[in-house]
Amino acid sequence: MTGKTAPPATKKDTAPAPKQEPAPAPKQEPAPAPKQEPVPAPKQEPAPAPKQEPAPAPKQEPAPASEDPSAAEHPPAAEQPAAPAHEPAPVPTAEAAPAPEEGSPSAAAEPQAPEPEESKGAPPSSPLALAVEEVSENSITLTWKAPEQTGRSHLDGYVVEICKDGSPDWTAVNQEPFLSTRYTVQDLGSGDKIHVRVKAVSACGASVPATLEQPVLIREILQLPKIRMPRHLRETYVRHVGDAVNMMIPFQGKPQPEVIWTKGGQPLDTSRIAIRNTEKDTIFYIREAQRGDSGKYELTVRINGAEDKAVLDIRVIELPGPPQNLKLVDVWGFNVALEWAPPVDNGNSEIKGYIVQKSDKKSGKWFTALERCTRTSCTISDLIIGNTYSFRVFAENACGLSEKAAVATAVADIKKTKTAYQSEKIPQRDMMEPPKFTQPLTDRTTTRGYNTHLICCVRGFPQPKIIWMKNQMEIREDPKYIAMIEQGVCSLEIRKPSPFDGGIYTCKAVNALGEASVDCKLDVKMPQ
């Protein structure tokens, strides 16, 4: 073992000399280790193998041809990375000799494997809602929202860039992308105007930057701008034509914020609208409102790039025009049918309904026949026969009724109609019926001394005569018994019965058409 290690040491001294040109100096130190110990040899393989194979492979091939086989054993020790690729046992040195030859093409193929580029997709979209959260004497804090689209690859983060006002050079503030949507730029000069933009970065590239519209003046803001919109102005503010519009909207912010009013992105017409600003509020004033003053007004309160916005919706309304084309469609009996079309001008307000009025020819006065009709047609009833009627319709919106009405050109003449009354012939029905019990008597058990009632129901026409019997003997005028009949309900009261009063009781109904009877049994027990 020692005889074999000596000569290879000298041969490796000569061999690495040409290999040191591509900087294989660290590879000489691990070379002797694998020869003495077979275990550390594979530990050196992952690092030196790919570096030795691409360049020195052609130089090692002539060396084993001219030198002893002992010299051929050394290169495979250093070039054993190819052996694990083909998975042979690393122990035999004879098999390691061809490994460098086969390893050289595989090594040339290995650097090409990572070379295929990733399928590049579209870069992410721009970050959203970039805004200034806070400005101090030498820093600025920014906030934004994540982009809507990140592309195929995941978002690596964001890059913040700044540029001084008047300079075309943009400088990245952070060297590595970060994933937070809030960032504070430090070490800025007080009094400088800084332009800021933010890019979203992924493996597919960088997005189009999101840029603040205005440069930010670096100075301390004691209080961020905030608009305190009154509750009644948060909804549509409705006024009538000719009314004055006078609104005061408070706000806050230090130092004194800049107040900007616009309508549709354009400055206001100062000939009609007066704006007065103070430290704490802004006043919007129109002496006489017109329909053209309707619209959405935008209020912006800004301090050094930090701003707050509010939208004020004003609607100026007036009375609607009259309905169109009122027609008398039909007249029948004491009813008429009317139809019309909506007004051409609704007064800049939704039509709530229509009011229909009628006037008879005799009095000439107008009376409301129908209020708040939401359709453009109706039927008027309960007209007086013999009168002639005219009709008109008003339109109504939030401002009130139209000044003029639509009047029907035709009139409705409610004529008298002769009707002959014919009495309805009702067929005669034979109501005669023999007696019939609808509810029979039921057996009863009672206690001595307690009054007892026997009840049954009967029908028949003419009304049948009722006869009560006990044990087939008719009960006549006996104070112990009280017999009654009402609405076909027959009852027999036995007052304070004794055991002697027990037996079979019969109720018989008799009229001219026949007779019917029902029986029951009564038991009288002694009290215990």
Side-chain angles (χ1 to χ4, degrees), residues 331-337 358 367-373 378-387 414-528:
V331 179
W332 72 100
F334 47 82
N335 308 293
V336 296
K358 64 181 179 179
F367 299 93
T368 299
L370 191 61
E371 290 184 346
R372 290 287 178 89
C373 178
C378 70
T379 300
I380 306 299
S381 303
D382 299 332
L383 300 177
I384 299 175
I385 296 176
N387 285 0
I414 310 301
K415 297 180 179 181
K416 295 181 180 180
T417 57
K418 295 181 180 181
T419 56
Y421 176 75
Q422 297 180 354
S423 60
E424 184 180 359
K425 294 182 180 181
I426 301 176
Q428 296 294 328
R429 181 179 177 184
D430 187 7
M431 304 296 293
M432 305 297 285
E433 183 181 7
K436 181 180 180 180
F437 283 92
T438 59
Q439 182 176 344
L441 294 172
T442 56
D443 295 342
R444 297 288 305 275
T445 301
T446 185
T447 304
R448 178 182 180 181
Y450 290 88
N451 294 353
T452 301
H453 291 79
L454 303 179
I455 299 175
C456 61
C457 296
V458 67
R459 73 181 184 185
F461 188 83
Q463 182 176 351
K465 179 183 177 181
I466 303 301
I467 301 173
W468 286 95
M469 295 183 294
K470 173 188 175 186
N471 297 328
Q472 302 300 322
M473 298 294 293
E474 183 178 353
I475 299 175
R476 296 184 179 275
E477 296 179 0
D478 190 339
K480 193 175 188 68
Y481 301 97
I482 299 177
M484 297 181 64
I485 180 171
E486 184 176 358
Q487 300 295 328
V489 178
C490 306
S491 65
L492 177 66
E493 181 181 0
I494 306 173
R495 307 176 68 181
K496 297 182 180 180
S498 63
F500 175 76
D501 295 323
I504 303 298
Y505 285 82
T506 303
C507 180
K508 180 186 291 187
V510 181
N511 69 0
L513 300 179
E515 63 179 32
S517 63
V518 290
D519 300 332
C520 72
K521 182 179 180 181
L522 175 66
D523 290 335
V524 181
K525 295 183 178 181
M526 297 295 292
Q528 296 180 357

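Computation of the quantities below employed the complete heavy-atom set of this structure, encompassing side-chain atoms and omitting hydrogens, waters and symmetry-equivalent molecules. Quick note: residue numbers are just sequence positions, from 1.
By the 4.5 Å heavy-atom criterion applied to side chains, Val336 and Lys358 are not counted as neighbours.
In terms of heavy atoms, Pro464 sits closest to Asn511 at CA-CB, 3.9 Å. Residues Ile414 and Gly333 approach most closely at CG2-O, 3.4 Å, considering heavy atoms. Nearest heavy atoms, Val524 versus Pro499: CG1-N, 3.8 Å. The shortest non-hydrogen separation linking Ala516 to Pro435 is CB-O, 3.8 Å. Scanning all heavy atoms of the two residues, the minimum distance from Ile455 to Leu441 falls at O-CD2, 3.4 Å. Here the shortest heavy-atom pairing between Cys456 and Phe437 reads SG-CE2, 3.7 Å.
Lys480 places a side-chain N or O within 3.5 Å of a backbone atom of Arg495 that can act as its donor or acceptor partner.
Separating the CD1 atom in Ile475 from the CD1 atom in Ile467 is a distance of 11.5 Å, to the nearest 0.5 Å. Atoms SG and CG, on Cys378 and Leu370 in that order, are 5.5 Å from each other to the nearest 0.5 Å. Taken to the nearest 0.5 Å, the CZ atom of Phe334 stands 12.0 Å off from the CD1 atom of Ile384.
Partners of Gln487 according to the side chain to side chain contact (heavy atoms under 4.5 Å, CB included) rule, which considers only residues two or more places apart in sequence or in another chain, do not exist here. By the side chain to side chain donor-acceptor pair (under 3.5 Å) test, Ser381 is found to be paired with Asn335, residues two or more places apart in sequence or in another chain being considered. For Met432, the side chain to side chain contact (heavy atoms under 4.5 Å, CB included) partners are Asp430, Phe461, Pro462, Leu513, not counting sequence neighbours.
Evaluation of the salt bridge (Lys or Arg N to Asp or Glu O under 4.0 Å) test over residues 510-528, restricted to residues two or more places apart or in two chains, returns none. Sorted by first then second residue, the salt bridge (Lys or Arg N to Asp or Glu O under 4.0 Å) pairs that include residues 431-448, not counting sequence neighbours, are Glu433-Arg459. Within the structure, side chain to side chain donor-acceptor pair (under 3.5 Å) pairs that include any residue of residues 464-473 do not occur (at least two apart or interchain).
Atom CD of Glu493 has more than 12 heavy atoms from other residues, nucleotides or ligands within 6.0 Å. The number of heavy-atom neighbours closer than 6.0 Å to NZ of Lys508, taken from other residues, nucleotides and ligands shown, is 12 or below.
Each of Leu454, Thr446, Asn451 was checked for a side chain to side chain contact (heavy atoms under 4.5 Å, CB included) with Ile494, and the lone residue meeting it is Leu454.
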